[in-house]
Structures are given as structure tokens and as C-alpha cells.
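Just so you know, these numbers use all the heavy atoms, side chains as well, and skip hydrogens, waters and symmetry mates. First the proteins, then the strands, lettered A, B, ... as listed; each starts at 1.
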There are 2 protein chains.
Amino acid sequence: MREPSICRTLAGKSGFSFGPTLPDRSHQTAHAGQLIYRANEPVDGVDVICEGWAFTFIMLFDGRRQILSFLLPGDVVSTTALVRDRLSVSVQALTDLRYCRFSKLELRSLMETEPKVFDQYASICVEEKEETDQLVTDLGRRTADERIARLVLALMARLGARGMANGESFPFPLRQRHIADATGLTPVHVSRVIGSFRNAGLIEITGRSLTVRNLDELRRVSSTR
Amino acid sequence: MREPSICRTLAGKSGFSFGPTLPDRSHQTAHAGQLIYRANEPVDGVDVICEGWAFTFIMLFDGRRQILSFLLPGDVVSTTALVRDRLSVSVQALTDLRYCRFSKLELRSLMETEPKVFDQYASICVEEKEETDQLVTDLGRRTADERIARLVLALMARLGARGMANGESFPFPLRQRHIADATGLTPVHVSRVIGSFRNAGLIEITGRSLTVRNLDELRRVSSTR
DNA sequence: CGGAAACTTGATCGAATTCAAATAAGGTGG
DNA sequence: CCACCTTATTTGAATTCGATCAAGTTTCCG
């Protein structure tokens, strides 16, 4: 079996597919909760998620944590590693994880010979930047209800684009602690908001999956236009 | 006179200098407060600030505004325009402005023949991403005092790197409304925080310039480590 | 089954917002 | 250069959204 077959076959706007030009490679694995990368340590390549979820975050000296993004299968873990030799963020596995690494050098030389790969990579970087800009706006100017509704909708859209959602249901491995750290809230308040969403018939979270029960209303609550 | 001479001669980690390889070009100008670019309208090139300040922002349908970055002389206005044909943010002149545009095509072909330019551009994009990640953390996990202290320190550092600060003093064309929209606060609360900083002997804002009176203490208040 | 982690719920607190009004600063035409 | 008008800033009082504190309760694993 050729690797990264999963990476290659993934579709969707953010899916990273190299085509068959790269050599076979073995994948790496990590268990749920494991720290994949610690901020400011050296990296020599770019990782792509093959299976499972991860997230990037910044931790302050006093323990405050901000989650910057959730990484799904097909996502590039650290786009900036192509240029930088260390990352400014840490990365942790949210579920059991399978991912593979592309060395800086092979990727850069590939991009020189294959303009398509360059364009694709550039596009991923731009999307990442645009999503981060949106997150800044969420945290700076939106209410708790809006932030959480938008997080749910964004995850649903990203999973849907990869064919990883069944209608209105999709896998949801996040703990409320993760939602809190991604939205700049406390776990207690996240619990209250999720509870109110549940009572209002907007969403339902059972086990490790989430079902949207009233998409229109959830969109309305998110105040997105 | 060759243009963009100002762009070319600017130093500092974020200063964008093309070298003498690009043809002369005339610059464009805008008055303070003028909207340079409206989100989602087409763009055909990348702008670089030659003189004056600008800022990028996202505006919600109901008037809430989030400022994403302040742009100083030498800064690239819209790095993503190299790849995208429209921006997801708007750009407004903070002071009277002079800037020049590089077409997508000339820039891309230049990057192909001059790897140095590519590296420099990539580096600017990465710095931009890293600063935005920091901003997310500021808005999600830091207090009002910390956010404002960090904004002042960041501007001082950026201006210092360009030789645009005289010791502890530097030009400061922001209104409190801009500080508020950049830090996710209200103008009223910004006034209170700035007032307390002033009373504590940390900073002083007179006319259009800011002086840091107690750098160590301002750093301590910012809780940066 | 048992123990730990995650979630829920209530009560209280607090940082920042909102509302309101006064004062200061800035810009413009006469 | 001044008078006037608009926009900023300051300050106080009341309010609110979300945080914190403190138990319960449920869920999840081993």
C-alpha cells in the first residue's frame, strides 16, 4: 500500500493531496492526549494528519491555554514548518492519531517542479490565515453563544466537505474543556451554553458524536451573515 | 527617483525590500480615514505601505468591528493577495498614506527567478500568522490590562525595529476607538485602562505620540514571558 | 464495580459593558 | 486667530455576561 494514500485521496477544500510523486513513507502514531509537538522545539518537516483529530494551542506561563485550531484528517499540522525550523505553537492529539511527515527539503523541491503543489500549499496557508482572522473576530467581538454555535457549524462544514459527516451528525471528540479553550470561555460556562442549546432543541451531544437538530436556528444564533 | 525606494531601504524583520530588480512605479495615496480596500472586492496585486499607518479589520453585519493588524511603513498590506483574487478583510488608512502596488504576476515571476524574494515573502507571511495566533491568545485568554499593555509594547517593538522610535517615544496615531477594536474592548473601558496606566506612571499619550515612562512595569503588567 | 474525570447546577462575584453626562481636543470657515 | 462645532476622552452609576466557588451527578474506563 502506498502512503500517504489517505492524504492523497482526501478531497475537500482543505484536504492536502500530493499526488503520486512522493515516495512511500511510513506513518507515525500517537495516542489521545499525547503532545505531538512542543512550542519552540526544532522541527524538520511538515506533518499531515491521516487519521484522527489533533489541535494546536498556545499555553501561557500561568497555565492559561488558547486552542488555535482543530486538525482533521487531511489537515497540515504546521504549514509554517516549511519555512521556520521551529513552531510557535504546541500540538496535541485529541484522539488516537496517525500522521505522516514530509521533510522540508523534499516538499520544497517538489513545489519547485510541480507548481500545482505550490498553489495547493499556498491555498492551504491562506485558508488557515483567513480562519484565524475569523477566530480573532469571534473572540474579540462575539458573545459566548455565537462563538460556540460558530465552532459547531465550522466543524460540521469542514467534516462535511471531507465526507465525514452523516447528514446532521458527525464525530465530536471534543471535551467541554476543549470548547472552552477554543472559544476563550470557562468549562462551566460552556456547559451552560451547551445545556441551553440542548434545551432549545438546537444540538445534541451523545457519546463522541454531535447531531444538529435545528440547523436554521443554530445558524441564527451564530449571527453569521 | 526610483520607487519603491522607501520600501527598498526599509530595514527590520518585517520590512519588505525587493531589491533593485523591479521597475520604477508611482505610488498611490490616501487620506486618513479613507477605506483603501473593501472586503470581498477583487484585487489584482499586493500593496506595500511606503508612508503612514493603516489597519485591517473585519466588520460584522451589525457594526461590530475587529481590527486584525496595524500596518506600518514597509508592511505588506495583503500578503494573501498573491494567491487570492479577493481579500476577506477590509483595509483603512489610519493616517495619510502613501503605498505602492505590485501586480500578482510580476511578483510571482520575480519569486521564481529570485529565491531570496520568495523566502522573504514567505517569512513575512509566517510572521503575520504568528502574530495573529498571538492575538487570538490575547483576546481569548488575557485581561484588558494585559491586552492593552501588549499592544503598546508590540507597536513599540515594531517601530523600534524600523528606526521609527526615539528611545521610549514613538508616533501613535491611534484613537482609543482603534485600541478598543483591536483589543476586543469598548472605548470607555480603554479610557479607564489608559487612565490607570497614566496614573501609575507607565505611559503618557500626548498629541499623536506615546511615551513609555516605566518599561519594566509595563512589561510586568503585560504578563508576557 | 470502583474510582477518576467530565458534566451539571446553584449561588455569588467581578471585569467589562452600558448608559449618561461633563469636559477636552481638534478642525474649519469666517 | 478666533468662534464654533464636531469628535474624543473622561468620569460616575448601574447593569450584565461570564467567571469563580462549591457541591452534586453522570459518564467513562480500567
Side-chain angles (χ1 to χ4, degrees), chain A residues 31-34 60 62-67 92 94-96 138-152 171-200 203-210 221 223, chain B residues 31-34 60 62-67 92 94-96 138-152 171-200 203-210 221 223:
Chain A
H31 288 297
Q34 202 174 320
L60 302 186
D62 58 2
R64 286 177 286 183
R65 184 175 76 167
Q66 178 63 48
I67 291 180
Q92 192 175 340
L94 191 54
T95 67
D96 287 348
D138 288 347
L139 299 188
R141 288 305 185 206
R142 289 183 184 277
T143 66
D145 284 18
E146 291 172 340
R147 293 181 208 178
I148 293 177
R150 282 172 54 81
L151 174 60
V152 170
F172 193 78
L174 311 198
R175 267 50 265 283
Q176 294 188 357
R177 161 107 254 166
H178 298 118
I179 302 178
D181 285 338
T183 54
L185 302 167
T186 58
V188 174
H189 197 63
V190 168
S191 169
R192 291 190 219 277
V193 173
I194 298 270
S196 80
F197 283 5
R198 192 193 311 109
N199 291 337
I203 66 173
E204 210 169 277
I205 303 181
T206 59
R208 295 283 86 90
S209 91
L210 188 152
V221 168
S223 297
Chain B
H31 288 297
Q34 203 175 319
L60 302 185
D62 59 2
R64 286 177 286 183
R65 182 175 78 167
Q66 178 64 48
I67 291 181
Q92 193 175 339
L94 191 56
T95 66
D96 287 348
D138 287 348
L139 299 188
R141 289 303 185 207
R142 288 184 184 277
T143 65
D145 284 18
E146 290 172 342
R147 294 181 208 178
I148 293 177
R150 282 172 55 81
L151 174 60
V152 170
F172 194 77
L174 311 198
R175 267 46 269 282
Q176 292 188 359
R177 158 109 256 165
H178 299 118
I179 302 178
D181 286 339
T183 54
L185 302 166
T186 57
V188 174
H189 196 62
V190 168
S191 169
R192 292 190 219 277
V193 173
I194 298 271
S196 81
F197 283 5
R198 192 192 311 108
N199 290 338
I203 65 173
E204 209 169 280
I205 303 181
T206 58
R208 295 287 84 90
S209 91
L210 188 152
V221 167
S223 296

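- For Ser209(B), the side chain to side chain contact (heavy atoms under 4.5 Å, CB included) criterion is met by Thr206(B), not counting sequence neighbours.
- Partners of Ala149(B) according to the side chain to side chain contact (heavy atoms under 4.5 Å, CB included) rule, which considers only residues two or more places apart in sequence or in another chain, are Phe197(B), Leu218(B), Val221(B), Ser222(B).
- Annotation for Ala182(B) and Leu139(B): closest pair O-CD2, 4.0 Å, computed over non-hydrogen atoms.
- At distances below 3.5 Å, not a single donor-acceptor pair connects side-chain atoms of Asp96(A) with backbone N or O atoms of His31(A).
- Applying the ring pair (Phe, Tyr, Trp, His ring centres under 6.0 Å) rule to His178(B) yields the partners Phe55(B); only residues at least two apart in sequence or on another chain are considered.
- The side chain to side chain contact (heavy atoms under 4.5 Å, CB included) test with Val190(B) singles out one residue from Leu151(B), Ile148(B), Leu174(B), Asp181(B), and that residue is Ile148(B).
- Here the closest non-hydrogen pair linking Arg177(A) and Arg65(A) is CG-NH2, 3.7 Å.
- Taking the 5' to 3' direction, DNA chain C first and last meets chain A under 4.0 angstrom from a heavy atom at dA6(C) to dA11(C).
- Comparing the axis of the opening five pairs of the helix from dC1(C)-dG30(D) to dG30(C)-dC1(D) with that of the closing five pairs yields an angle of 60°, rounded to 10°.
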Query raised in the report: Base, backbone or nothing for each nucleotide of nucleotides 16-30 of chain D, written B, S, -, heavy atoms under 4.0 angstrom, 5' to 3'?
Result: --BSBB------S--
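- What you find for Ile179(A) and Thr183(A) is that their closest heavy atoms are O-OG1, 2.7 Å.
- Side-chain nitrogen and oxygen atoms of Gln176(B) include none within less than 4.0 Å of the OP1 or OP2 phosphate oxygen of dT7(D).
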